[in-house]
Each structure stands twice: as structure tokens, then as C-alpha cells.
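What follows is one structure encoded as C-alpha cells, with my remarks underneath.
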Amino acid sequence: VSLIPGTQSASMIKFVSGEDGILKSLNGYDNACKVEGVKEVELYVKSGQKTRALTSGSDRVGHIISFGETRELAVASCRSAFEQLELVYE
């Protein structure tokens, strides 16, 4: 992130939520990381862990952070990365 006066950019964070159950597998992580503009994909859970449907911040299973020259580009990158992720439950 540049802090040089006169430059502009936008960022976006999207939290990933799960559902009630045991996570069997999580697919698409590598593809999500490769989306242009995505700076971080972090998952807080691993296969075999129990997750809950989102009722509070502690129920989140991960997040994606993206940057872009405009708000629209940052949002599009985050959404594209999110669409790569597939959480499979038992």
C-alpha cells in the first residue's frame, strides 16, 4: 500500500462464513490466492473441524483481502476469490 500523497487505491475485506457441521474439505484455496488484486486469503479452520453458522464474529472461517486502483476493482477481486472457495461438509 502506497502512502505517497496524491495516490489513490481501494481495499476490501470479505469474511468467509461456514455452516453448522464438520468441514470435510475446503477446495479452491490456491485459485483464490491467484486472483489478481488479492493480497491475502486466510482460512481459520481445517478439514475435520466443527464449524457453526454465522451468529457472531468468532464463527467466521476465514477472510480475503484485496486491493485495486478503484473500489470496483477491489470488490471484484474479492468476490472472484470468494467464488473460488468451496467448503464441503459431512
Side-chain angles (χ1 to χ4, degrees):
V1 175
S2 175
L3 298 178
I4 300 170
T7 62
Q8 290 184 325
S9 63
S11 64
M12 165 96 181
I13 184 166
K14 172 141 182 75
F15 291 101
V16 181
S17 58
E19 59 185 55
D20 290 328
I22 305 295
L23 185 65
K24 183 177 179 180
S25 64
L26 183 106
N27 304 316
Y29 175 82
D30 291 337
N31 289 336
C33 291
K34 293 177 185 175
V35 172
E36 185 175 345
V38 170
K39 300 301 178 192
E40 181 174 289
V41 178
E42 185 170 339
L43 301 170
Y44 316 145
V45 296
K46 296 179 182 176
S47 296
Q49 282 187 276
K50 183 177 181 177
T51 64
R52 294 175 24 147
L54 186 65
T55 59
S56 71
S58 64
D59 296 328
R60 296 175 180 146
V61 298
H63 69 260
I64 301 166
I65 298 175
S66 65
F67 291 89
E69 290 182 15
T70 65
R71 177 186 180 278
E72 292 77 15
L73 288 173
V75 169
S77 292
C78 225
R79 284 185 181 155
S80 181
F82 178 74
E83 289 171 357
Q84 300 300 313
L85 297 177
E86 177 190 19
L87 283 72
V88 180
Y89 287 87
E90 292 182 357

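Predicted, not measured: the structure shown is a model, and the values here were computed from it.
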task: Answer yes if Tyr89 and Leu26 sit in the same cluster of Ile, Leu, Val, Met, Phe, Trp and Tyr residues linked by side chain heavy atoms under 4.5 Å apart, and no otherwise.
output: yes
task: Provide the closest heavy-atom pair for Glu19 versus Thr51 in the form atom of the first, atom of the second, distance.
output: O-OG1, 2.6 Å
- prompt: Rounded to the nearest 0.5 Å, how far does CD of Gln49 lie from CG of Leu43?
  reply: 10.5 Å
- request: Taking side chain to side chain contact (heavy atoms under 4.5 Å, CB included) as the test, write out the residues that go with Ser25, two or more places apart.
  value: Asn27, Ser47, Val88
Taking only distance into account, with no hydrogens and no angle test, what donor-acceptor pairs under 3.5 Å do side-chain atoms of residues 52-71 form with protein atoms, sequence neighbours excluded?
unit_1 : atom_1 : unit_2 : atom_2 : d
Arg52  : NE     : Asp59  : OD1    : 3.1
Arg52  : NH2    : Thr55  : OG1    : 2.9
Thr55  : OG1    : Asp59  : OD2    : 2.6
Ser56  : OG     : Ser58  : OG     : 3.1
Asp59  : OD2    : Thr55  : N      : 2.8
Asp59  : OD2    : Ser56  : N      : 3.1
His63  : ND1    : Tyr44  : OH     : 2.5
His63  : NE2    : Glu40  : OE2    : 2.4
Ser66  : OG     : Ala74  : O      : 2.6
Thr70  : OG1    : Leu73  : N      : 3.1

- request: Measure the CG-CD distance between Asn31 and Glu86 for me, rounded to the nearest 0.5 Å.
  value: 11.5 Å
query: Within 45° of the six-membered ring axis of Phe82 and under 6.0 Å from that ring's centre, is NZ or CZ of Lys14 located there?
result: yes
task: Specify the closest pair of heavy atoms between Lys46 and Leu23, including all atoms of both residues, with the distance to one decimal.
output: O-CD2, 3.9 Å
Donor-acceptor contact below 3.5 Å, side chain Tyr29 vs main chain Val41: yes
message: Looking at Gln84 and Ala81, would you say the former's side chain and the latter's main chain have a donor-acceptor pair under 3.5 Å?
response: no
field: Nearest heavy atoms of Val75 and Met12, plus distance in Å
entry: CG2-SD, 3.7 Å
